Amino acid sequence: MTATASAARHRLARTFAAALVAAVALFTPATVVASAAADEPADAFALHQAALTAERQGEMTLAIESFDRACAMKLAPSCTMAGLAKLDDANGSEDLMAAARDLATGCLAGSDFACAKMGVALGQAFPGVASAEGIAAIALLQMGEDCRATPNDIACYDAAALLHAEERGGADMSAIQRYAATACNCKAYPGCLPVAALLADESDAAERASAHCLAARADGCITLLAFLLKDEERVKAPDALTILQQACAVQIGIACANLGLFYANGPTRARDDSAARRFMRAGCDGAVAQACFAFAVMHKKGIGGPVHRNRSVELVAHACDLGWAVACETLATIIGDGDASAQPDQDAPALRQRACRLGSENACGAGTSTLTSPV
């Protein structure tokens, strides 16, 4: 990946916050529509909702069981929540690796929070690392170290992919060799081989991003969007838009969400509010929490379609349920300032506590204050 594309990808990681958190002030007190009931048929999201209810009631064993079941049904936010709960109570490397694997699923789906927590789990799972055996274990150690140093870095996605290599067509041996060589050059771990560190080939950045996106790796889809948003980068990835469309067509939620961002914030000649709204809905349907919040803002402001106040609040609640801290803070503001009778099982302080647990420093220090934009 070029330095320009990497920088663009880091800026993109803040795009939702910059574009959407500012819209929080648009939400004024109104009836909050309750989420799906826990006694609905046991589809993935009903299980996720049941787990959230159990978690609020302090029944963590039941919550983890339900999150695990939903995770097994490919609902990535459930994997993140299961991993977070397991990390809280982990006792030993085996528990920590189980948490890391769950968090890796959320990371691959596009959750920076899951990526960062996965890095924490990996770091705790390898104390001293003297017992690491084999190149793959050494590479995973280095990936975890690099992930913790820069949580949005490609290393997080490489680690997540390696943790799920058996499900994703095998491990990326070039990445394993590159990270292992870096680690071995720093310290002679058991299993190190005399190999020089390899640099990633910058010339095939677009090809690699395309392959990663089609394999449901969020980093690939994010990199393709970074190419599309800059004229000087777009020529390096002429098929970027097509690849994102193909990935969205097979229900890779982060690809759909990124298409929504492209049509909303891309080159002027490409902007299409109707298409942005359509793809953001597809991203939300794919369980991308940020996309649900963006879709909420579109309903509130009438971007690409009609204004629908009640639906916008439902979508904020949905984004919170899917684990996005900003949405939980926003919902806390709505409930705290208005009539919360339509959402009796939640209150503003509890929502801010959830936002804090989901990584919001603002919520951790907010007390009973309302949400303020971090940008």
Side-chain angles (χ1 to χ4, degrees), residues 32-89 98-115 117-118 160 164 216 218 251-254 256-257 281-296 311 313-332 343-347 350-351 353-360:
V32 180
V33 181
S35 299
D39 59 354
E40 288 183 358
D43 60 23
F45 191 70
L47 285 167
H48 184 86
Q49 290 281 52
L52 290 172
T53 298
E55 186 178 65
R56 286 195 296 270
Q57 295 172 348
E59 299 176 2
M60 293 308 300
T61 299
L62 178 60
I64 291 173
E65 178 184 347
S66 295
F67 282 136
D68 276 341
R69 290 177 62 196
C71 177
M73 298 169 72
K74 310 300 183 184
L75 186 60
S78 297
C79 303
T80 296
M81 298 303 290
L84 182 60
K86 292 174 185 177
L87 180 59
D88 287 343
D89 295 325
R101 280 180 58 84
D102 285 343
L103 291 161
T105 300
C107 179
L108 290 168
S111 168
D112 289 340
F113 173 72
C115 289
K117 286 295 185 179
M118 179 196 65
H164 288 282
Q251 300 180 333
I252 296 173
I254 192 65
C256 301
R281 173 175 180 170
C284 183
D285 289 344
V288 178
Q290 301 98 312
C292 295
F293 192 81
F295 197 34
R311 181 59 176 152
V313 178
E314 288 180 352
L315 287 163
V316 172
H318 188 57
C320 175
D321 286 344
L322 291 176
W324 202 41
V326 169
C328 297
E329 292 179 80
T330 303
L331 188 59
Q343 191 127 4
D345 60 336
Q346 298 194 51
D347 58 37
L351 285 165
Q353 288 177 4
R354 186 194 295 181
C356 175
R357 188 164 180 264
L358 291 171
S360 169

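All residue numbers in this chain count up from 1 along the given sequence. Please read these numbers as outputs of a predicted model, since none were measured by experiment.
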Looking at every non-hydrogen atom in both residues, tell me the closest pair between Ala109 and Ala76 and how far apart they are. CB-CB, 3.6 Å
Determine, for Arg56 against Asp347, whether the closest basic-nitrogen to carboxylate-oxygen distance falls under 4.0 angstrom. no
Which atom pair, heavy atoms only, marks the closest approach of Ala70 to Ala44? CB-O, 3.4 Å
Rounded at 0.5 Å granularity, tell me how far CZ in Arg357 sits from CG in Asp88. 4.5 Å
Taken in chain and number order and not counting sequence neighbours, the residues that satisfy side-chain hydrogen bond (donor to acceptor under 3.5 Å, both in side chains) with Ser66 are none
Find the distance between CG (Asp43) and CG (Leu75) and round it off to the nearest 0.5 Å. 9.0 Å
Mind checking the CG-CD spacing from Asp321 to Glu314? Nearest 0.5 Å is all I need. 11.5 Å
Can you tell me how far SG of Cys79 sits from CE of Met73, rounded to the nearest 0.5 angstrom? 11.5 Å
Would you compute the distance between atom CD1 of Ile252 and atom CG of Leu108 and round it to the nearest 0.5 angstrom? 11.0 Å
Considering non-hydrogen atoms only, spot the tightest contact between Leu358 and Cys328 and give its length. CD1-SG, 4.1 Å
State which residues pass side chain to side chain contact (heavy atoms under 4.5 Å, CB included) with Ala104; sequence neighbours excluded, sorted by chain then number. Met118, Ala160, Leu163, His164
What pairs meet the ring pair (Phe, Tyr, Trp, His ring centres under 6.0 Å) rule with one or both residues in residues 47-72, with sequence neighbours excluded? Phe45-His48, His48-Phe67
For the student: nearest non-hydrogen atoms of Ala99 and Gly83, plus distance: CB-O, 3.5 Å
Only pairs at least two apart or in different chains count here, so list each salt bridge (charged side-chain N to carboxylate O under 4.0 Å, His left out) that has a residue in residues 64-85. Asp68-Lys86
Roughly how far, to the nearest 0.5 Å, is CD1 of Ile64 from CD of Glu59? 12.5 Å
Report the residues that fulfil side-chain hydrogen bond (donor to acceptor under 3.5 Å, both in side chains) with Asp285, sequence neighbours left out, ordered by chain and then residue number. none
Might you point out which heavy atoms bring Ala257 and Ala291 nearest each other, and give the distance in Å? CB-CB, 3.9 Å
What's the verdict on side-chain contact (heavy atoms from CB on, under 4.5 Å) for Asp102 and Thr80, showing C-alpha distance, side-chain angles and the deciding distance? CA-CA 6 Å; Asp102 285 343; Thr80 296; over 6 Å; no
Close side-chain approach of Phe293 and Leu315, heavy atoms under 4.5 Å: no
Using side-chain hydrogen bond (donor to acceptor under 3.5 Å, both in side chains) as the criterion, list what pairs up with Arg281, not counting sequence neighbours. none
Please find the pair of heavy atoms, one from Pro77 and one from Leu322, that lie closest to each other, and give the distance. CB-O, 3.4 Å
